[in-house]
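Below, all heavy atoms of this structure are taken into account, side chains as well, without hydrogens, waters or symmetry copies.
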Amino acid sequence: AARRQALEQAGVRVLEAVGPAAQLRALKAEGILSVYCEGGKTLADALLDEDLVDWLVIFTAPVRLGADAVRPLLSGSPVLVEQATRHRLVAHRRLGEDLMAIYDLTHSVHRTR
């Protein structure tokens, strides 16, 4: 309650909603039609699991993090590579030694064999 009060005193409008879909609906009701989410693996998985993502931006760095590292994007059930959803790459760019790839998930192809 103290945190909410401090935010509101700073001029922030706080919306309450439970779960990613409800949260995005609340934002849409306020006229917000685009949201950039960078909350890590847990948020990314939740949004992907509920099919709430239109664009996916992935950054790849030339490093090995080891077996105990947090694994990104583990949403969905395991599938064979031949049956995996393929996303359309719309842009890619090198940023120093890192790579950025942008995928359009609204035009994904579900492959089945």
Could you check if a side-chain atom of I32 sits within less than 4.5 angstrom of a side-chain atom of V35, using non-hydrogen atoms only? yes
Below 4.5 Å, heavy atoms only, C-beta onward: do Y103 and L105 meet side chain to side chain? yes
So, taking the atom named CD1 in I102 and the one named CG in L89, what distance separates them when rounded to the nearest 0.5 Å? 8.5 Å
Atom CG of L7 and atom CZ of R3: how far apart are they, to the nearest 0.5 Å? 6.5 Å
Donor-acceptor pair, R64 side chain versus G66 backbone, under 3.5 Å? no
I'd like to know whether R13 forms a salt bridge (Lys or Arg N to Asp or Glu O under 4.0 Å) with E8, so could you lay out the CA-CA distance, the side-chain angles of the two residues, the decisive distance to 0.1 Å, and finally the verdict. CA-CA 6 Å; R13 180 150 180 241; E8 289 175 338; over 6 Å; no
If you draw a 6.0 Å radius around CD in E30, do more than 12 non-hydrogen atoms from other residues or ligands fall strictly inside? yes
Kindly compute the distance separating CZ (R93) from CG (L99), expressed to the nearest 0.5 Å. 12.0 Å
Which atoms form the tightest heavy-atom contact between E97 and P62, and what is the distance? O-CD, 3.5 Å
From V53, D49, L47, residue fulfilling side chain to side chain contact (heavy atoms under 4.5 Å, CB included) relative to P20: L47
How long is the straight-line distance from CG of D104 back to CG of D54, given to the nearest 0.5 Å? 7.5 Å
So do V57 and Y36 actually touch side chain to side chain, heavy atoms under 4.5 Å? no
Identify whether L95 and V90 are in the same connected component of the hydrophobic contact network (ILVMFWY, side-chain heavy atoms under 4.5 Å). yes
CG of L52 to SG of C37, rounded to nearest 0.5 Å, is 9.5 Å
Rounded at 0.5 Å granularity, tell me how far CD1 in I58 sits from CG in D98. 13.5 Å
Please say yes or no: joined through hydrophobic side-chain contacts below 4.5 Å, possibly via intermediate residues, are L43 and W55 part of one cluster? no
Closest non-hydrogen atoms of K28 and L33, given as atom of the first, atom of the second and distance, are CG-CD2, 3.9 Å
